[in-house]
Amino acid sequence: MDFTVLTIFPEMFDPFWQHGIIGKAVAKGQLGVSVINIRDFANDKHQVTDDRPYGGGSGMVMKPEPLAEAIRSARQRLPKSRTVLLTPQGRTLDQEQAQALAGYEGLILVCGRYEGVDERINQSLIDEEISIGDYVLMGGELAAMVLMEAVARLIPGVLGNENSAALDSFTENLLEHPHFTRPSVFEGEAVPEVLRSGNHKAIDQWRLEMSLIRTFLKRPDLLKAKRLSRQDIDILKKWCKDIENIIAAQSSSDSDSLSSSG
Ligand code: 4FV
């Protein structure tokens, strides 16, 4: 995977590409990364990349000429890349979208600033608009980093062991189970016994139940969208049974107390 970022603040990306798992993947050549300063394509002596909006109003707009030149130069270098504009107008990034983007040879990420980019760039040179969430940032740079990190983790070899990406939250439309590590007791709180049992069938069952209950409580929308497995359904039915029993027990004790109170 080759990431090419177009920005007027290239220095923001150095620390991102030099640290952690991304830094190692770049060093190992599993990820190609390059940054293009849009200013380098502004041909006036002050390398201006923004101008006042037609129709008036506050703020500035990114000029089309430097952007178009910068995008075309990136595409020349990586013709099979997908060109993405980071903007609140875009489809909100999710794990499924990250998986789809990880399938491309390269991604050209256009980082807007000011009020945004001239719409003619959007119409003619952008393949896809992506947002990282319904809030407004100063620029697309942080959104580009979020997208790159979400996609890079899905590139084979980038994460130490392949499985961990496969077990990610959202991959199965479920939130992840709780995680514990040593010490086995922390401030009086013990690690669930099953996790120290060595019984991996029981551990997997416990983890699935924890994922299902957390998703049910915190993100029922995900559970509604999920293709439930036989095992998922058995667990959910067991809970329904447990809840019915509690209600049944409650109503029988009520009737007892009612009958006894005559
Ligand atoms: C954004 C987002 C975002 C809008 C105007 C940059 C800013 C400025 N990008 N997801 N939310 N972009 O707020 O991706 O140009």
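Order of appearance sets the numbers: ligands from 1, and atoms from 1 within every ligand.
- Atoms of ligand 1 lying under 4.0 Å from any heavy atom of V136, numbered from 1 in the order shown and given with element: 13 (O).
- For atom 13 (O) of ligand 1, the closest non-hydrogen atom on the protein side is L137 N, 2.8 Å.
- Ligand 1 has a nitrogen or oxygen under 3.5 angstrom from a nitrogen or oxygen of I132.
- Of the candidates G59, G139, P88, A143, G139 brings a heavy atom nearest to atom 6 (C) of ligand 1.
- Interface of Y135 with ligand 1, defined as ligand atoms under 4.0 Å from a residue heavy atom, comprises 11 (N), 13 (O).
- The residue M62 has no part lying near ligand 1, judged by heavy-atom distances below 4.0 Å.
- Between D234 and R230 there is a salt bridge, with a side-chain nitrogen of the basic residue lying less than 4.0 Å from a carboxylate oxygen of the acidic one.
- Less than 4.0 angstrom separates some heavy atom of G133 from each of these atoms of ligand 1: 11 (N).
- Note on D127 versus R75: salt bridge recorded, some NZ/NE/NH1/NH2 to OD/OE distance being below 4.0 Å.
- With salt bridges taken as basic N to acidic carboxylate O contacts below 4.0 Å, none links E129 and R91.
- Side-chain atoms of S131 and T92 form no donor-acceptor pair, as typed in the model, at a separation below 3.5 Å.
- When each atom of ligand 1 is checked for a heavy atom of G116 under 4.0 Å away, the hits are 15 (O).
- Salt-bridge check for K226 with D232: passed, with a basic side-chain N closer than 4.0 Å to an acidic carboxylate O.
- Counting atoms of ligand 1 from 1 in the listed order, those under 4.0 Å from a heavy atom of G112 are 15 (O).
- With hydrogens and angles disregarded, a donor-acceptor distance shorter than 3.5 Å links the side chain of T215 to the backbone of L175.
- Atom numbering of ligand 1 starts at 1 in the shown order; those under 4.0 Å from a heavy atom of S131 are 2 (C), 10 (N), 11 (N), 14 (O).
- Using modelled atom types and a 3.5 Å distance limit, the side chains of D94 and Q97 yield no donor-acceptor pair.
- Of the residues V194, N199, I235, the one that meets the side chain to side chain contact (heavy atoms under 4.5 Å, CB included) test with Q205 is I235.
- Here the heavy atom of the protein found nearest to atom 8 (C) of ligand 1 is Y114 O, 3.2 Å.
- Within the 4.0 Å heavy-atom criterion, the part of T87 lying near ligand 1 is the backbone and not the side chain.
- Every atom of ligand 1 with a heavy atom of R113 under 4.0 Å away is listed here by number and element: 15 (O).
- In summary, E141 and R113 engage in a salt bridge, as defined by a charged side-chain N under 4.0 Å from a carboxylate O.
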